Amino acid sequence: MTIQTEVVIVGAGPCGLFQVFELGLLGIKCHLLDSLAKPGGQCTELYPEKPIYDIPALPVCGAQELVDRLLEQIKPFGAEMHFGHEVTVVNRREDGRFDVETAGGLKFDAGAIVIAGGVGSFQPRRLGVEGAENFEGTQVFYRVTRAADFHGRKLVIFGGGDSALDWTLDLADKAASLALVHRRAEFRAAPASVQKMRDLVASGRMRFIEGTAASLITSGEQLTGVNIKDASGAMHALEADALLAFFGLAPKLGPIAEWGMELEKKALRVDTEKFQTSIPGIFAVGDINTYPGKKKLILSGFHEAALAAFAIQHYLYPQKRQFLQYTTTSPVMHQRLGVADAPAAAGD
Ligand SMILES: Cc1cc2nc3c(=O)[nH]c(=O)nc-3n(C[C@H](O)[C@H](O)[C@H](O)COP(=O)(O)OP(=O)(O)OC[C@H]3O[C@@H](n4cnc5c(N)ncnc54)[C@H](O)[C@@H]3O)c2cc1C
């Protein structure tokens, strides 16, 4: 069965979610798909417990909390969400509509497409030692979903970026032991975090080794430690019951790269009026797009989604006159938001 819809949104990260909202305000219905099992994109997958400080009017907001708030905000629009569905085919037909297919066999006939695919199907860069894959998810981790899981354990953390340093600082006092291993003396992380880490080393609460993982130490089915080769070539055997590696993400555009749109450095080139790609009717918002001055911030993606919604409305209904309406005062928007009976505020 083919599902008919006005818009298909590929990707349910923060920008895909907010795209539902902006389309909903204009009365446009959509289906939202993500290859992951749940919404939230990078916020949920990579840093759910971290606070975000640069969302307007929210001085601090947990990454998962932001996703939860977005889900709450888009509820009135009843978008149908399909998780665990990677979109593999997007094909523009001669009539200007799109055939969309997922790896799992869902089929759509859509009036327009928004790609909010972030960094694509992202994969963490793995720890390059033999056998590490056997312990993935049990003793070798590439992200922290529940910090408490690592309390009281012997930890070795790898990496020199913000994630490695933030988790080092967070867990240093809660772990049974902690060592940070980074291949260079220089860090990409915030200097203040690096200084705090050095203070912890100086006070004997953790170790730092400039080096790389050489091999795992195992006992039967268990990982019991890791051998580290330091910068001078000397080996150090570190006891560990969990290894956390934060080497960043290897962006894999995946199927998106095969849909015929113009790419620049693995991102979709868009204009800054409509956020339309090189294929009319396919729009791109959030981390997946590029244009002069692009900054990969959630805030930028929200703005892009607002403008893309108007452009999508025009693509779908070129005869329709467009008005800018305020959510504060528009009766039709109130109806769409389900707040039609809200009492007028003083001054209305
Ligand atoms: C550690 C860390 C901290 C950050 N802190 C901040 C911050 O403080 N402030 C800020 O503004 N930004 C921050 N960011 C960046 C922010 O998370 C991204 O800008 C934001 O997530 C981009 O949202 P998005 O919706 O474009 O993409 P994403 O969040 O990447 O979501 C894209 C979704 O698309 C899905 N997808 C991709 N291809 C397909 C396909 N073919 N089919 C189906 N689904 C697909 C993916 O599975 C994914 O769920 C941070 C990022 C990281 C890693």
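Ligands are counted one by one from 1 in listed order, and the atoms in each one are counted from 1 as well. Computed from a prediction, not measured in an experiment: that's the story for all the values here.
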> Give the atoms of ligand 1, by number and element, whose distance to some non-hydrogen atom of G286 is under 4.0 Å.
26 (O)
> At under 4.0 Å between heavy atoms, which part of I256 makes contact with ligand 1: side chain, backbone, both or neither?
side chain
> For S163, what residues pass the side-chain contact (heavy atoms from CB on, under 4.5 Å) criterion, not counting sequence neighbours?
F246
> Below 4.0 angstrom, N of the basic side chain to O of the carboxylate: do R146 and D149 qualify?
yes
> Are G301 and ligand 1 in contact, using a heavy-atom cut-off of under 4.0 Å?
no
> Is it true that the NZ or CZ of R126 lies under 6.0 Å from the centre of Y142's six-membered ring and within 45 degrees of the ring axis?
yes
> If we only count N/O pairs under 3.5 Å, is A12 in contact with ligand 1?
no
> With nothing but distance in play, are any N or O atoms of D34 less than 3.5 Å from an N or O of ligand 1?
yes
> If the cut-off is 4.0 Å to any non-hydrogen atom of G118, which atoms of ligand 1 fall inside it?
26 (O), 27 (O), 28 (P), 30 (O), 32 (C)
> How about F18 and F302: are their ring centres within less than 6.0 Å of each other?
yes
> Between Q64 and T44, is there a side-chain donor-acceptor contact under 3.5 Å, judged purely by atom types and distance?
yes
> Just going by heavy-atom distances, which of L299, D287, I9 is nearest to atom 18 (C) of ligand 1?
D287
> Using a strict 4.0 Å threshold on nitrogen-to-oxygen distance, state whether E264 and R269 make a salt bridge.
yes
> Considering only NZ, NE, NH1 and NH2 on the basic side and carboxylate oxygens on the acidic side, decide whether K50 and D166 come within less than 4.0 Å.
yes
> Have a look at A116, G11, G16, S35 and point out the one with the heavy atom closest to atom 32 (C) of ligand 1.
A116
> Any non-hydrogen atom of E45 lying under 4.0 Å from ligand 1?
no
> For ligand 1, which atoms, with element, lie under 4.0 Å from some heavy atom of L297?
10 (C), 11 (O), 19 (O)
> Using a 4.0 Å heavy-atom cut-off, say whether I288 meets ligand 1 through its side chain, its backbone, both or neither.
neither
> Quick check on contacts: which atoms of ligand 1 are under 4.0 angstrom from a heavy atom of L36?
47 (O), 49 (O)
> So, is D54 polar-close to ligand 1, with some N/O to N/O distance under 3.5 Å?
yes
> V119 heavy atoms, cut-off 4.0 Å: which ligand 1 atoms fall inside?
30 (O)
> Between F108 and F98, does the ring centre distance come in under 6.0 Å?
no
> Determine whether D230 and H236 satisfy the following criterion, side-chain hydrogen bond (donor to acceptor under 3.5 Å, both in side chains), listing intermediate values before the conclusion.
CA-CA 7 Å; D230 77 14; H236 303 259; 2.8 Å; yes
> Are the ring centres of F247 and H182 closer than 6.0 Å?
no
> Between K50 and ligand 1, is there a nitrogen or oxygen pair with a distance under 3.5 Å?
no
> Does W259, backbone or side chain, put an N or O under 3.5 Å from an N or O of ligand 1?
no
> Is D99 salt-bridged to R92, going by a charged N under 4.0 Å from an acidic O?
no
> Need the ligand 1 atom indices (1-based, order shown) with element for anything under 4.0 Å from a heavy-atom of G41.
29 (O), 31 (O), 48 (C), 49 (O)
> For ligand 1, indicate whether the residue K296 contacts it via side chain, backbone, both or neither (heavy-atom separation under 4.0 Å).
backbone
